[in-house]
**Student:** 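There's a structure below that I have some questions on.
Numbered from 1 within each chain, the chains take letters A, B, ... in sequence-line order.
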Protein chains: 2
Amino acid sequence: MATINDVARLAGVGLGTASRVISGKGSVSAKTAERVRRAIEELKYRPSHAARTLPTGASHMIGVYIPMLKGSFYTPILNIIHTELRANGQNMVVAFGSGNGDARKQAMEGLEFLIERGCDGYLLVSDALTEDDIAALGTQASRLVLLNHSLNSIHNQCFSADHHAGGRLAAQALLEMKHRRIAVIAGFATSRDNVARIEGFMAELGNAGIDTSSIPVIDSDFSPEGGWNSAAALIASKHKFTALFCANDEMGVGALSYFQQAGIAVPGKISVIGYDDTATAEYSAPRLTSVHIPWYDVALNGVRWLLNQCYETNKPVKRKFAASVTWRASVARVANGK
Amino acid sequence: MATINDVARLAGVGLGTASRVISGKGSVSAKTAERVRRAIEELKYRPSHAARTLPTGASHMIGVYIPMLKGSFYTPILNIIHTELRANGQNMVVAFGSGNGDARKQAMEGLEFLIERGCDGYLLVSDALTEDDIAALGTQASRLVLLNHSLNSIHNQCFSADHHAGGRLAAQALLEMKHRRIAVIAGFATSRDNVARIEGFMAELGNAGIDTSSIPVIDSDFSPEGGWNSAAALIASKHKFTALFCANDEMGVGALSYFQQAGIAVPGKISVIGYDDTATAEYSAPRLTSVHIPWYDVALNGVRWLLNQCYETNKPVKRKFAASVTWRASVARVANGK
DNA sequence: GGCGAAATTGGTAACGTTTCCAAAAATTCT
DNA sequence: AGAATTTTTGGAAACGTTACCAATTTCGCC
């Protein structure tokens with residue numbers, strides 16, 4: 001691999017001059033610059049990012065961690081971050097969890113990977129980290145944003161949606177369609193986000209005078225498989241219900257698939273409402289009504305805040321994100337007398 | 001950020017000794033090592049990857065490029081690569097395209113990003129690169145693997161499936177179920193992979209005595225939206241058909257969603273067969289019959305071959321990957337008299 | 001207790017860049 | 001033409017690490 005020294009030698013100029021042409025900083029006469037450029041071309045020279053980052057300390061990279069590569073939730077967020085970063089002349093480096101096993105440990109390992117690479121800032125999409133974990137990071141922690149998770153000690157570095165409100169919205173949608181007998185497929189009980197939306201959902205049903213203790217709730221794993229299996233379990237149980245709330249769209253789609261193969265009409269017999277309003281909801285059969293969380297906005301504003309911290313810019317940043325219901329075809333008014 | 005010098009000073013040892021403890025190479029007495037370890041802990045020292053990579057030249061990273069973050073095709077492949085790399089003590093760095101615009105240019109830019117970071121090897125998932133592009137890489141090209149794309153000049157570095165055979169399999173499945181009036185939703189006409197599977201499909205129909213020139217083919221974009229729109233366009237056209245071949249599962253799912261909302265029974269009125277057999281096919285409604293491409297194996301063997309090149313190991317590598325049909329619920333025997 | 005061998009240790013020279021400073025060359029002005 | 005100014009240039013020092021070599025310490029043995 002050719003180095004800047006090779007380039008300088010071939011072009012017959014000094015090291016400093018070559019560096020100036022390559023980095024574009026400082027003045028070089030037009031014809032010297034041209035000679036250097038020809039040498040670069042000739043040698044197929046590419047600056048070494050490692051060598052470059054060493055004297056300056058600036059890597060022009062933002063490190064992002066996501067818990068897994070499966071499912072349709074994390075990658076669109078990654079996509080938003082990537083696009084915004086590139087639009088601002090910065091790069092993205094990603095660390096991944098495996099999606100199973102100890103989520104907190106994986107997040108810390110991923111973060112370590114990113115720190116070793118000397119990123120200018122860090123963006124973590126994980127709800128597994130604790131306040132202590134962040135404290136243990138020391139000074140590193142100042143250029144860090146948490147997406148989809150809120151921690152009191154660094155609340156201004158956290159960007160997320162109000163899931164309690166999101167849960168209430170789901171309940172309101174079902175109540176509006178006169179449903180009173182309702183079942184729930186929840187996500188991981190360890191996920192605060194999940195708990196918040198279930199609590200909001202139950203609170204609203206409670207307000208409507210429904211005995212929430214009798215509502216069947218199955219904890220699942222946010223996957224379509226989980227949704228399928230849970231829907232099957234619900235049907236197999238003696239519970240009767242006319243509507244089902246799924247804590248994310250993937251489980252909703254899994255449930256839809258189960259109902260279709262079991263010959264249970266949606267929304268004829270059972271209405272299904274999902275959560276997140278990801279792309280999956282748009283093209284399921286039937287198309288899935290879902291609580292829309294403006295993840296695009298959440299991620300975008302998180303990135304922008306971080307960009308402000310790292311590169312001393314001053315982009316406007318929003319911190320409140322309102323959920324809403326995206327009506328599609330999977331929720332209908334309850335059939336008479338059911 | 002603490003450096004190895006800070007650690008050495010605090011532990012009261014020389015630079016070399018600290019380095020030996022950290023890297024684990026060379027011998028250090030037990031109690032000195034312990035003092036160094038305490039200093040590391042105390043200072044929250046993390047070795048700088050950039051500084052580390054410079055004297056040795058080994059980055060312990062494999063660079064991977066994928067054309068986009070959308071859809072359910074690329075990320076599972078990324079997941080396989082990641083898992084296998086970690087299992088071998090190596091890391092993954094990923095560059096992403098945007099999914100629209102000039103795919104070839106984006107792939108070259110992504111590769112450049114990876115090369116600048118001095119990866120030990122490169123894994124490109126892109127069918128946009130030409131032989132010339134590879135040639136322009138010079139010596140870099142030797143530690144490179146192409147996934148999902150074949151180039152004659154470096155055929156031993158390419159890992160892909162036989163899509164012509166895959167296309168034939170899709171046709172056989174439909175013929176077996178007595179379908180004779182068939183429509184096709186294809187992917188990008190510029191994708192060789194796509195063209196191969198359509199050609200294989202048509203060839204097989206031709207063998208069965210079907211006039212392939214009369215088969216309606218709509219070129220789309222591999223997305224569910226594309227599938228939905230194309231299905232709608234097909235229904236709106238005067239063509240009558242009992243079966244539909246979609247060049248990937250995402251378009252298949254989009255088509256399924258359209259048929260459901262249009263009140264067209266699948267597989268009652270129209271059978272649909274997808275391609276790739278990704279996770280999407282498993283949980284659509286109805287579950288999508290699809291041509292299974294063993295992408296898991298393709299990717300795994302590509303990684304292993306690359307690992308052999310980069311780290312002088314000798315893992316067994318397979319190069320032939322057989323497609324098959326995964327029967328689910330979206331294809332049925334053609335209704336009598338249709 | 002002293003000798004030789006082995007283990008441990010400290011420090012210098014890389015690695016490929018950027019950033020500076022001083023020197024040289026080009027340009028402007030009188 | 002020469003002085004003053006500006007532009008351009010070359011090279012040393014630094015960034016944080018590893019690899020090597022030489023020096024020192026430790027250990028085993030007679």
**Student:** Examine B:R319 relative to B:F321 and say whether NZ or CZ is less than 6.0 Å from the centre of the six-membered ring and inside a 45° cone about the ring axis.
**Tutor:**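 Relative to the ring axis of B:F321, which defines the angle, B:R319 lies outside at least one limit.
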**Student:** Does the gap between the ring centers of A:F73 and A:W295 come in under 6.0 Å?
**Tutor:**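 Ring centres of A:W295 and A:F73 closer than 6.0 Å.
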**Student:** For the side chain of B:R46 and the base of D:dG16, is some donor closer than 3.5 Å to an acceptor across the two?
**Tutor:**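 Such a pair does not exist between side chain and base.
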**Student:** Starting at atom NZ of A:K25, determine the distance to atom P of D:dT7, rounded to an integer number of angstrom.
**Tutor:**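 Atom-to-atom, A:K25 to D:dT7, this comes out as 20 Å.
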**Student:** Nearest to the side chain of A:P55, which nucleotide is it out of D:dT17, D:dA14, C:dC15?
**Tutor:**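 Selected nucleotide: D:dA14.
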**Student:** Is the phosphate of D:dT8, meaning OP1 or OP2, less than 4.0 Å from a side-chain N or O of A:S27?
**Tutor:**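 Yes, A:S27 has a side-chain N/O under 4.0 Å of OP1/OP2 on D:dT8.
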**Student:** Which is true for B:S48 with a 4.0 Å heavy-atom rule: it touches a base, it touches only sugar-phosphate, or it touches nothing?
**Tutor:**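 Sugar-phosphate, no base atom in range.
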**Student:** What is the distance, rounded to the nearest whole Å, between atom CZ of A:R117 and atom P of D:dG16?
**Tutor:**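 Rounded to whole Å, this separation is 17 Å.
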**Student:** Is any side-chain N or O of A:T32 closer than 4.0 Å to OP1 or OP2 of D:dT8?
**Tutor:**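 Checking D:dT8 against A:T32, no side-chain N or O comes under 4.0 Å of OP1 or OP2.
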**Student:** If you compare every side-chain N and O of A:S29 against the phosphate oxygens of D:dT8 (OP1, OP2), does one of them come in below 4.0 Å?
**Tutor:**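 Indeed not, no polar side-chain atom of A:S29 lies that close.
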**Student:** Select base, sugar-phosphate, or nothing to describe what A:S19 touches, counting heavy atoms under 4.0 Å on all strands.
**Tutor:**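 Since a base atom lies under 4.0 Å of A:S19, the category is base.
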**Student:** Does B:Y122 have its ring centroid less than 6.0 Å away from the ring centroid of B:Y65?
**Tutor:**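 Ring centres of B:Y65 and B:Y122 not closer than 6.0 Å.
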**Student:** What is the distance, to the nearest angstrom, from the CG atom on A:N5 to the C1' atom on C:dG16?
**Tutor:**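 In whole Å, C:dG16 C1' and A:N5 CG are 7 Å from each other.
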**Student:** What's the CZ-P distance between B:R9 and C:dG10, to the nearest Å?
**Tutor:**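 Answer to the nearest Å: 14 Å.
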**Student:** How would you label the contact of A:T56 with the nucleic acid (heavy atoms, under 4.0 Å): base, sugar-phosphate, or nothing?
**Tutor:**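 Touches sugar-phosphate only.
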**Student:** Counting heavy atoms from C-beta on, name the nucleotide in D:dT18, C:dT8, C:dT18 closest to the side chain of B:S23.
**Tutor:**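 Closest of the options to the side chain of B:S23: D:dT18.
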**Student:** What integer distance in Å separates A:D6:CG from C:dT17:P?
**Tutor:**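 Value for this atom pair: 9 Å.
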**Student:** Closest approach of A:I115 and B:M1, non-hydrogen atoms and distance?
**Tutor:**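 A:I115 and B:M1 have their closest heavy atoms at CG2-CE, 4.0 Å.
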**Student:** Strictly below 4.0 Å: does A:T17 bring a side-chain N or O up to OP1 or OP2 of D:dG10?
**Tutor:**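 Yes, because at least one side-chain N or O of A:T17 sits under 4.0 Å from OP1 or OP2 of D:dG10.
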**Student:** In terms of side-chain heavy atoms, does A:D120 have a donor or acceptor partner in A:Y311 at a distance below 3.5 Å?
**Tutor:**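 Yes, A:Y311 and A:D120 have a side-chain donor paired with an acceptor closer than 3.5 Å.
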**Student:** Between B:R20 and B:A51, just flag the one whose closest nucleotide in DNA chain C comes earlier from the 5' side.
**Tutor:**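 Final value for this comparison: B:R20.
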**Student:** Counting only side-chain heavy atoms from C-beta out, which of C:dC15, C:dT8, D:dA19 sits nearest to B:L54?
**Tutor:**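 In terms of side-chain proximity for B:L54, the closest of C:dC15, C:dT8, D:dA19 is C:dC15.
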**Student:** To the nearest angstrom, how far is B:H60 atom NE2 from D:dT18 atom P?
**Tutor:**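 B:H60 atom NE2 is separated from D:dT18 atom P by 10 Å.
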**Student:** Starting from P on D:dC20, measure out to CG on B:L15 and report it in whole angstrom.
**Tutor:**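 Going from CG in B:L15 over to P in D:dC20 covers 15 Å.
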**Student:** How many whole angstroms separate atom CD1 of A:I115 from atom P of D:dG16?
**Tutor:**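 Taking CD1 of A:I115 and P of D:dG16, I get 16 Å after rounding.
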**Student:** At 4.0 Å (heavy atoms only), tell me whether A:T53 reaches a base, stays on the sugar-phosphate, or touches nothing.
**Tutor:**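 Answer is nothing: A:T53 stays at 4.0 Å or more from every strand.
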**Student:** Which pair of heavy atoms, one from A:G14 and one from A:A8, lies closest together, and at what distance?
**Tutor:**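 The answer is O-CB, 3.8 Å.
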